[in-house]
Amino acid sequence: MPTAREIMTNDVSCVREQDDLRSAARQMAELGVGSLPICGDDNRLKGMLTDRDIVVKVLAEGRDPAKVTAGELAQGEAVTIGADDDAAEVLRTMGKYKVRRLPVIDGHELVGIVAVADVARSLPDRPVGDLIEAISERH
């Protein structure tokens, strides 16, 4: 079974924790992504920032995205996967936390991102279908 390192996207961009959300949104648009890892000055992962976070936690509350930093939206410890964890563990973690993308960590260093699509390309259809169903459920 493939590992996270074998199926991840290793060309990963971070938004710095001191970057404002206008810059973060511009970076997402340029990269064509809906989420970015938030990295500190120590190059450690501080959290994940999504386009939804910007809309719901900033714009919908009438806050100015040019005055809110990515670090302000980093909440607790980010859900991650180890670089040497196998695809089954990636699926379990995605299902448990209802996420579609996981930062891949080697030690304390961010080395990539693994998405549902990456797992789907490496495993039979049914486990991935079960995951999509699990993370798409509304509570």
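This chain uses plain numbering: 1 for the first residue, then up along the sequence. For the numbers below, each heavy atom of this structure counts, side chains included, while hydrogens, waters and symmetry mates do not.
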Over all heavy atoms of both residues, which pair between [X] and [Y] is shortest? Give the atoms and the distance, please.
X	Y	value
Glu61	Lys57	OE1-O, 3.2 Å
Gly82	Ala4	O-CB, 3.6 Å
Ile7	Pro2	CG2-CB, 3.9 Å
Val12	Pro37	CG2-CG, 3.8 Å
Leu45	Ala78	CD2-CB, 3.7 Å

field: Beyond-backbone contact of Leu21 with Leu73, side-chain heavy atoms, under 4.5 angstrom
entry: yes
task: Would you check if Leu49 and Ser35 make a side-chain contact, meaning some heavy-atom pair closer than 4.5 Å?
output: no
message: Between Glu89 (side chain only) and Asp86 (backbone N and O only), is there a donor and an acceptor less than 3.5 Å apart?
response: no
field: Ile54 reachable from Leu31 in the ILVMFWY side-chain graph, under 4.5 Å edges
entry: yes
query: How far apart are the C-alpha atoms of Asp64 and Arg22, what are their side-chain angles, what is the distance that settles it, and do they pass the side chain to side chain contact (heavy atoms under 4.5 Å, CB included) test?
result: CA-CA 9 Å; Asp64 181 351; Arg22 182 183 298 161; 4.1 Å; yes
- line: Output for pair (Leu36 CG, Asp53 CG), nearest 0.5 Å, gives 11.0 Å
query: Which value, rounded to the nearest 0.5 Å, describes the distance between Lys46 atom NZ and Asp41 atom CG?
result: 8.5 Å
Please name all residues satisfying side chain to side chain donor-acceptor pair (under 3.5 Å) with [X], sequence neighbours left out, ordered by chain then number.
X	value
Asp85	none
Ser23	Asp20
Thr69	Glu72
Arg16	Asn43

message: Would Ile38 and Met48 count as a side chain to side chain contact (heavy atoms under 4.5 Å, CB included) here? Give the steps.
response: CA-CA 5 Å; Ile38 302 169; Met48 289 292 288; 5.9 Å; no
query: Which residue pairs satisfy the disulfide (SG to SG under 2.5 Å) criterion with at least one member in residues 20-50, sequence neighbours excluded?
result: Cys14-Cys39
May I have the list of side-chain donor-acceptor pairs in residues 101-119 shorter than 3.5 Å, sequence neighbours left out?
| unit_1 | atom_1 | unit_2 | atom_2 | d |
| --- | --- | --- | --- | --- |
| Asp106 | OD2 | Arg5 | NH1 | 3.4 |
| Asp106 | OD2 | Arg5 | NH2 | 3.2 |
| His108 | ND1 | Arg44 | NH1 | 3.4 |
| Asp118 | OD1 | Arg121 | NH2 | 2.6 |
| Asp118 | OD2 | Ala115 | N | 2.8 |

